[in-house]
Number of protein chains: 2
Amino acid sequence: MTKKKNNKRQGITIERVAAEAGVSKTTVSFVLNNNSSISEKTREKVLKVISELGYQPNTNARNLSAKTNQTISLVLPELGHVFEDQYFARALSGIYDEIEAEDYRLMLKKASYEFALNKEYINLFLRKEIGGMLYLGSTLEDKYLKDFADGDFPFVLVNSTLEGIELPRVIADYRGAGAIAARHLIELGHRRIAHISGSWSTFSARERQFGYLKALADAGISFDESLIVEGHFDREETRRATKNLMSLSEPPTAIFTSNDVMAFGVLDALKEMSISVPKDVSLIGGDNIEASGLTVPALTSVEQPIYEIARECVRLLIDLIEGNDEPKVRIWPSKLIIRESTAVPHENKIEKRRNISTELSTRK
Amino acid sequence: MTKKKNNKRQGITIERVAAEAGVSKTTVSFVLNNNSSISEKTREKVLKVISELGYQPNTNARNLSAKTNQTISLVLPELGHVFEDQYFARALSGIYDEIEAEDYRLMLKKASYEFALNKEYINLFLRKEIGGMLYLGSTLEDKYLKDFADGDFPFVLVNSTLEGIELPRVIADYRGAGAIAARHLIELGHRRIAHISGSWSTFSARERQFGYLKALADAGISFDESLIVEGHFDREETRRATKNLMSLSEPPTAIFTSNDVMAFGVLDALKEMSISVPKDVSLIGGDNIEASGLTVPALTSVEQPIYEIARECVRLLIDLIEGNDEPKVRIWPSKLIIRESTAVPHENKIEKRRNISTELSTRK
DNA sequence: GCCATTTGCAAAACCGTTTTACTAAACTAG
DNA sequence: CTAGTTTAGTAAAACGGTTTTGCAAATGGC
């Protein structure tokens, strides 16, 4: 386990390059780091030798000397669980792509119990193994995250919020999402707009609901409590909720759900009840997952572009690492993707449809 | 982008620990690295100071000085694609868990075109950023992988084989999988055993077929060409193939597929044809995916334990990194998970069932 | 009781960079 | 023409560890 054969071949060092090019180590280092005080002639000479020798600077030495670290650790909940979910796959893609583009490296860490207990998340910084950390998910206890609010390690939350702790983060504009969906329906002429929300214990569900209520209020529509129900992000539960909604003495003419899977549940119920979308009822989903463009009718959906949000998180983090920005909260606009599941309400069909562009976005 | 505020707080160094404990740097280093020539008294004194100060050795300095690196890079094809696939999720879990257990770190890399073009996979070693590399998937061109066969960088293939290149790897015993499945059916009394295989262009499909043929031959059963068909790892294609098989003048009494999804295709077809499993036809799948325990009847399947294989890959790689093993190929045994979809053939039902344990494994 | 060996630790060298301090030469201003 | 300022580069000192070498004290054998 620890016995080592010493078969490591000696690498090419800056010293070797310097000798070969007939300059000092300093000069080679200056060339590598684009220091301006090097003549074009010398620079070219050095670069030529570097390329001939296939020299690559030793990252450990560089980090040690320059006190930098270009590695970012991504902390995730249970891995097995994670990767079944499109949400995480998209987030990871965004994070990776931006890290790659900025010439940083990505280190993966699982937020296990031990990870938290041993304060491993802090030790990574103390050992200078990473320059910054991203957190994606919600497994670490609040009290551990508090360490980051206190300490001044570069740390960014990916699209999540923790009550009472002010941490740098980039989050989707869920409030705007609720508002933009409601506004679109109101503009079409709907007045009885139901909202089947995710679990009210979640930040995103509450925020969406807030936006929805605000849009109604702004339009002078007093809201009907019986039109707001909890669907728990579940397709089947939403199917049942929809049946109840449509059995009201005065059923809604439009439904807005927290995500697309729930919207599929609405479609299930309406199909069973032979209610047509969008002729009889308009429908808006959320998240704009891939399948949403393929349903009949294709689903209008409020997009939370997690890939872009993830990239922005990395940019914010790198700004923090490199010390040229203050910790901050960035809110990423939601976008309404208008497809076929929304239309003017039945009773208004005679009215002229207003001009509506096919993409609307919050916080423009 | 490059301008930095110098707000990095000075960390605690080995020098500080040494001073505080009243010993030399050497002694502290010896304590950290379990060098035996330190008295118990001194060791305890030093450990106490380390813990009080919360000292964590600087990994960059350590790697630079000791010429080691405890980071392993996992190279993957397209990330988005990866995380929707259970196979990759399982492999990643195994890789992560073993790396964590060995106190190494996991760096993620995407096998992009640029990654190959710039020989980035080699540069990671030259820059001393990683100690070893794992490759999971099949996107890199053979010619790039050749560099690893030539160079002596610690490199291990995770459950894959490339023709003509001898690279260290751990692979599932696909040949044994084919054999163990066929043998189980033969022992039950089957003689007409069909095999619906994956694409013949793949290593795993060919190997499984080879094992199947060998088992038949060993049992003195001459095989019928018409019972061996290609199902291309596809459920629908396998459904059609099954219908053809069952329409033969002398249909098989048992079917063995390359994986479980294909076995589901067989179930689809047999259900349509009102053929009962296992009463009329016995069925064995492959890979033992989660859903296989839930079908009716529950599916007998040959398991290729990718999680375990992945862990073994990491162990092999670390052995190579630490120089106490030779590059080698390890073959991981397949295991037959016997559930409800296999039974003695209809015409033999009067015979006594032989004793069969519920788990069989190749290469015992 | 004496010499040889082992034990326990420290001093110094080294790992491969960046950074700081300095200098000679070239240029500029007056 | 001279003093001051750039320019282009170098030598040496960090960075924070590990490893090698050295040495005094303790131990062991006879």
Legend entry - salt bridge (Lys or Arg N to Asp or Glu O under 4.0 Å) involving Glu308(B) - partner list, sequence neighbours excluded: none

Inset, instruction - Any chance you could list the contact pattern along nucleotides 7-12 of chain C? Use B for base contacts, S for sugar-phosphate-only contacts and - for none, protein heavy atoms under 4.0 Å, 5' to 3'. - result: -BBBBB

Legend entry - Charged N-O contact under 4.0 Å between Glu326(A) and Lys328(A): no

Legend entry - Residues that Ser160(B) engages under side-chain contact (heavy atoms from CB on, under 4.5 Å), provided they are two or more places apart: Leu157(B)

Inset, instruction - Kindly write out the residues that satisfy side chain to side chain donor-acceptor pair (under 3.5 Å) with Ser51(B), not counting sequence neighbours, or none if the list is empty. - result: none

Inset, instruction - List in chain and number order the residues that pass side-chain contact (heavy atoms from CB on, under 4.5 Å) with Asp147(B), two or more places apart in sequence or in another chain; answer none if no residue qualifies. - result: Lys119(B), Tyr121(B), Ile122(B)

Inset, instruction - Kindly say if Asn33(B) contacts the phosphate of dT18(D), meaning a side-chain N or O under 4.0 Å from OP1 or OP2. - result: yes

Inset, instruction - Report yes if a donor N or O on one partner sits less than 3.5 Å from an acceptor N or O on the other, where the partners are the side chain of Ser65(A) and the base of dT17(C); otherwise report no. - result: yes

Legend entry - Nearest-Å distance for atom pair NZ/C1', residues Lys41(A) and dA25(C): 14 Å

Legend entry - Lys128(A) NZ to dG17(D) P, straight-line distance once rounded to whole Å: 9 Å

Legend entry - Euclidean distance, atom CG of residue Asn58(A) to atom P of dG16(D) [Å, nearest integer]: 16 Å

Legend entry - Protein-nucleotide distance (Asn35(A), atom CG; dT20(C), atom P), rounded to Å: 11 Å

Legend entry - Atom-to-atom span, CD of Glu129(B) to P of dT17(C) - whole angstrom: 12 Å

Inset, instruction - Please check if atom CD in Glu15(B) has more than 12 non-hydrogen atoms from other residues, nucleotides or ligands closer than 6.0 Å. - result: no

Legend entry - ring-ring contact (aromatic ring centres under 6.0 Å, His included) involving Tyr104(A) - partner list, sequence neighbours excluded: none

Legend entry - Rounded distance in Å - CD1 (Ile14(A)) to C1' (dA11(D)): 14 Å

Legend entry - Spacing between Leu64(B) atom CG and dC14(C) atom P, to the nearest angstrom: 14 Å

Legend entry - Length of the line joining Ile50(B):CD1 and dG16(D):C1', which is rounded to integer Å: 14 Å

Inset, instruction - Would you please name every residue forming a side-chain contact (heavy atoms from CB on, under 4.5 Å) with Thr71(A), sequence neighbours left out? - result: Asn69(A), Arg105(A), Met107(A), Ile130(A)

Inset, instruction - Would you work out how much the helix from dG1(C)-dC30(D) to dG30(C)-dC1(D) bends between its ends, with each end axis defined by five base pairs, to 10 degrees? - result: 30°

Inset, instruction - Consider the side chain of Arg62(A), meaning its heavy atoms from C-beta on, and name the nucleotide among dT18(C), dC15(D), dT18(D) that approaches it most closely. - result: dT18(C)

Legend entry - Qualifying residues under side-chain contact (heavy atoms from CB on, under 4.5 Å), relative to Tyr307(B), sequence neighbours excluded: Ser93(B), Asp97(B), Arg311(B)

